[in-house]
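Both counts, for ligands and for their atoms, begin at 1 and track the order of listing. Just so it is clear, the structure is predicted and the values come from calculations on it, not from any experiment.
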Amino acid sequence: MRVSVIGTGYLGAVHAVGMAELGHSVIGIDVDPTKVDTLATGRAPFFEPDLDDLLAKHGESGAVRFSDAFGDAAGADVHFLCVGTPQRRDGLAADLSYVDAAVDALAPHLDRPCLVVGKSTVPVGTARRLAAQLARTAPAGTAAELAWNPEFLREGHAIADTLTPDRLVFGVDSDHAESVLREVYASALDGGTPLVVTDLPTAELVKVSANAFLATKISFINAIAEICETTGADVVKVADAIGHDPRIGRSFLDAGLGFGGGCLPKDIRAFIARAGEIGAGQSLLFLHEVDAINLRRRERVAEIAAELAGGTLIGRKVAVLGAAFKPHSDDVRDSPALNVAGRLQLQGAHVAVYDPRATDNARRIFPTLEYAPSAYEACRGAHVVLHLTEWPEFGEIDPSELATVVDQRNVVDGRNCLDADAWRAAGWTYRSLGRP
Ligand code: UDX
């Protein structure tokens, strides 16, 4: 099939090569010519495992092309909307200006029957509004149909999540739209991927509900971590023990510095805002608490760092290991690690940050922090070392060796995954979140 992908950020670039890998002929459209040029040379403008290889492979064969002209999308049978929906600057709600602009720019080129498929995370009710807008403004009229097919990919696992998703959701208004989407995803469906077919608002809600649930799960265990901190209990053991119950499950119960990134924080806030707009604010009041618990963890790490530094951070050197919001990504949007680094600097510390992939992005948004070329360089002369993003290489650091470069042996494990016994045995004061 001929497929266009509108928006080539973290979601769209991966979706474009994913569609090519599934055998479709793909044109990726983005308003940013620099991004288009980079993608056209077979490189991704961000780090995602295996993405460069697939871009090069399908770029060379011609299966995927990129352009900044919406007119180049005109002949496609299916148009995927993959633009961002960040938090608005003036409140909690989602900023839909990129979605609206994409539909405005695409619609005049839709002069033959086609399916426009939203993948972006949007407030419930958006799809119905866009469907009406398309029918009004596309030359094809109602033959330019709208569907919603939410995306559940995780950064760092985006290719696998796209090619072999754990479920597909088709929000459709007609049997025709369902059959077009069945054709797009034929190989995944033939491979047994579960499919849920719904109406448009249900499909929109599936996505925000999934992210709200994941955020709630993380904040739940982080609330228990707070209780563990005052009782001397061990939150990792609590998570292991309750996680054995299949009704609960162990995944997304890793207590620590909490969630960040371009999705969970803004999605729960947009969900709260939308619930308020439709008169159902009370239903999602608990999500305010989920957000607050999550943000408290950042404060807590800063408090522990100050305690270990002797009560004040003024003039102390703090090494921050990790800047990305999670490992295997260079994404620093709402990164808990960078948030803590910035906080400590404001409290007077000299902060040196090291991240294997995210340094350039981090430097762009926090230019005043020092960025070191390695974990050891970041830690040189440090009074406190903070482990804030769980890159595998940090787990391999030998605490005895690192002890030779620091000023004082204080470490805070913000992700609860260093070997506490090994660090203590090497003479470190080891602190973590929710563990004795
Ligand atoms: C998330 C959803 O998982 C994905 O389905 C959706 O499409 C987009 O949003 P992503 O933002 O890539 O994906 O990251 P995810 O793996 O969900 O992690 C989000 C944050 O939660 C990270 O900061 C991570 O460190 C944190 N996290 C995750 C925890 O603190 N504890 C956990 O147990 C799991």
What is the minimum heavy-atom distance between [X] and [Y], and which atoms define it?
X    : Y    : answer
C263 : N211 : CB-ND2, 4.1 Å
A73  : I6   : CB-CD1, 4.4 Å
S67  : I27  : CB-CD1, 3.9 Å
L153 : E151 : N-OE2, 3.3 Å

> Is there a donor-acceptor pair closer than 3.5 Å between any side-chain N or O of E48 and the backbone N or O of V14?
Replying inline: no

>> Looking at D199 and R128, is there a salt bridge between them, counting it only when a charged N and a carboxylate O are closer than 4.0 Å?
In response: no

> Near ligand 1, which residues have a heavy atom under 4.0 Å away from one of its atoms?
Replying inline: E151, F152, L153, R154, E155, K207, N211, L214, I218, F252, L253, D254, G258, F259, G260, C263, L264, F325, K326, R415

